[in-house]
2 protein chains.
Amino acid sequence: MATIYEVAALAGVSPATVSRVFNGNTVSEEKQRLVRDAAQKLGFTPNKTARRLRKQSSEIICLLVPDIENPFFTALARGVEDRAQESGFSVVLCNTDDDPAKELRYLQIAASEQMAGVILSPASDEVDLGAIASLGRPVVAVDRTTPYPVDAVKIDNRAAGIAATTALVEAGFRRIACIAGPAGIEETEDRYLGWKQVVTARKTLVRDGFLQHADFRVEGGRAAMKALLDLVQPPDAVVTTNNLMAIGALQALHETGIDPEDFGVAVLGELPYLLPPPVSVVQVRLPARHLGRTAASMLLERIGGDTQPLRTVVLRAEIARPPLSL
Amino acid sequence: MATIYEVAALAGVSPATVSRVFNGNTVSEEKQRLVRDAAQKLGFTPNKTARRLRKQSSEIICLLVPDIENPFFTALARGVEDRAQESGFSVVLCNTDDDPAKELRYLQIAASEQMAGVILSPASDEVDLGAIASLGRPVVAVDRTTPYPVDAVKIDNRAAGIAATTALVEAGFRRIACIAGPAGIEETEDRYLGWKQVVTARKTLVRDGFLQHADFRVEGGRAAMKALLDLVQPPDAVVTTNNLMAIGALQALHETGIDPEDFGVAVLGELPYLLPPPVSVVQVRLPARHLGRTAASMLLERIGGDTQPLRTVVLRAEIARPPLSL
DNA sequence: AAAGTGCAAGAAATCGATTTCGTCAAGCAC
DNA sequence: GTGCTTGACGAAATCGATTTCTTGCACTTT
């Protein structure tokens with residue numbers, strides 16, 4: 001790996017001049033040519049590490065998500081990556097597994113690696129952004145927000161919950177249950193509030209036990225669905241607040257031998273594409289990739305020195321297919 | 001961010017001593033304590049960039065895959081990440097989109113970022129590993145191999161192709177087609193050779209047009225399946241050489257109104273989990289996560305200075321469910 | 001013609017760690 | 001007691017770029 005000194009020696013100039021050539025400072029035409037030729041000949045690539053040490057910042061964005069195996073976050077990551085690419089940034093993708101300790105560890109790495117900024121979907125309300133913040137590195141929260149004063153991009157979760165539930169009501173279902181994520185996570189809380197608002201306003205039948213909390217995973221959704229089906233008066237439809245739990249719910253229905261056409265399922269998020277799902281399934285499409293793209297754009301603006309007041313961008317989800325009548 | 005100098009000043013020792021404390025060199029008990037206390041008090045975290053510049057290497061692994069949105073690669077990435085974590089390494093995940101130009105760009109970044117090593121699933125046979133190789137950074141190929149002399153972890157693709165096809169034969173299908181990936185990609189080539197071997201040996205009916213090439217995506221699989229169904233004498237079963245094309249194929253079957261129970265489909269890879277697929281679907285499970293884990297282990301060994309001769313590890317895929325009789 | 005202005009470009013400092021080199025003192029052999 | 005080894009540890013060099021400081025020269029300006 002050729003260094004700036006070797007290039008300088010070959011071109012017969014000082015290292016400073018070589019640096020200036022590559023950083024757009026005033027250098028005479030002639031020396032520019034000399035330097036470029038020399039660099040070309042030696043296959044010179046500036047050492048990013050040295051530059052970073054000097055400049056105290058890098059072109060790397062840290063993206064922290066709970067689970068890359070969840071297609072929602074994969075799509076989000078893809079959006080971030082695409083946008084970052086365009087500006088010559090690279091993305092380091094880290095899994096927190098919704099574990100605050102892992103999250104903290106990664107945040108420290110981000111700080112000590114001089115990463116340019118962080119996009120995260122916080123594992124808990126108690127994220128400690130202190131280390132990052134004190135370095136003046138921008139942070140953008142995606143999908144979930146935090147009590148820390150940072151930019152955020154989120155989905156209108158309440159509206160999504162309302163849309164999903166309304167679609168079921170309009171399809172003729174009257175006993176609509178809800179499988180929500182862990183209590184206390186704002187994202188899922190808002191979605192379930194959307195459900196609550198609709199079932200209350202529309203005066204559908206709601207029993208004790210119609211609200212189930214589960215973790216965000218397939219197994220949780222399956223267990224919650226089983227519990228719902230075991231009720232004395234079980235629901236005839238369900239809203240699940242994320243994609244994985246919906247899969248679990250569908251599995252439970254299948255195992256119980258219920259014809260999926262007879263049972264309404266509304267999903268906040270997308271099911272993995274395979275075959276067209278049963279007609280009684282409503283998907284509220286969450287714009288994951290767009291979420292990532294937007295977050296990356298905001299972060300890059302901040303990195304570029306933008307100092308406007310904190311922003312929270314709220315993206316609207318859309319219903320994947322029009323509500324159906326039974 | 002406190003530096004080693006501030007710690008040294010507070011502890012009343014030289015910066016060299018501070019460094020020694022954190023790098024396991026001989027320092028007296030007493031000064032160790034002084035240094036650790038001072039570091040603690042200042043919240044000192046060593047600056048990775050400075051260290052990297054000096055040591056000429058980092059604790060970052062670069063992982064290049066064609067498409068993170070493909071669950072196969074996501075699982076692979078997860079395996080790499082888990083293993084890397086255990087050794088305190090971070091993983092930078094990059095999408096090549098099977099584009100050699102993007103791939104090259106990322107390889108250059110890996111070099112100029114002093115990344116410790118690269119794990120890649122090469123977009124083409126012409127990957128230029130020159131830059132990386134000349135720096136002495138280890139490289140491990142996953143899933144696909146390259147003409148360059150590097151370690152590799154792959155799947156026994158031929159055996160997987162054989163297993164998939166055999167399962168269909170044993171289930172009673174007699175006109176078995178194959179939807180293979182782009183011609184010239186070794187990985188898919190081997191899988192299709194497995195198919196060919198079985199259909200030849202078992203003397204099943206093979207028509208012109210029973211071998212379809214498609215890109216690796218859903219759309220390609222769907223189009224190929226349509227082409228197969230349009231044949232004068234269409235097949236009664238198909239082997240698809242990756243997961244996404246299988247989804248496309250199933251969609252095409254569905255759209256054509258064919259009962260999936262009547263048509264055999266063998267997939268090399270896993271379908272996204274949703275409901276149990278039709279009984280006529282055979283999945284050959286590819287150990288993606290394990291592939292990633294193994295690749296990361298090998299890379300880390302090399303990074304650690306292992307100089308044993310080049311290795312290629314071949315992992316065996318397993319049939320997700322026993323072959324069925326019709 | 002003397003003094004002032006502007007600009008290209010070299011010299012040297014800087015970023016923060018690691019590491020080599022050298023010093024000093026303690027411990028030991030003869 | 002002299003000489004030699006050994007270990008702790010400070011001083012200073014080093015990694016490779018960026019950036020500030022300076023210098024020197026050309027060109028105005030009065």
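The structure displayed is predicted, hence computed values, not measured ones. Convention: sequence-line order gives letters A, B, ...; per-chain numbering from 1. Values reported hereafter were calculated over all heavy atoms of this structure, with side chains retained and with hydrogens, waters and symmetry mates removed.
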message = So, OP1 or OP2 of dA8(D): does either fall under 4.0 Å of a side-chain N or O from T26(B)?
response = yes

query = Base, sugar-phosphate alone, or nothing: which one does K31(B) contact when heavy atoms must sit under 4.0 Å apart?
reply = sugar-phosphate

query = Distance from Q308(A) atom CD to R311(A) atom CZ, nearest 0.5 Å?
reply = 4.0 Å

note = Expected string for nucleotides 13-21 of chain C under the B/S/- scheme (protein heavy atoms, under 4.0 Å, primed atoms plus P, OP1, OP2 as sugar-phosphate) is BBBBBBBB-

ask   = Which pair of non-hydrogen atoms, one from P66(A) and one from S121(A), has the smallest distance, and what is that distance?
value = CD-CB, 3.9 Å

note = To the nearest angstrom, the CG-P distance between L34(B) and dG10(D) comes to 11 Å

ask   = Looking at R144(B) and D98(B), does any basic side-chain N land under 4.0 Å from a carboxylate oxygen?
value = yes

ask   = Looking only at side chains, do R78(B) and T74(B) share a donor and an acceptor under 3.5 Å apart?
value = no

task = Check whether the side chains of T17(B) and S14(B) place a donor and an acceptor atom closer than 3.5 Å, and report yes or no.
result = yes

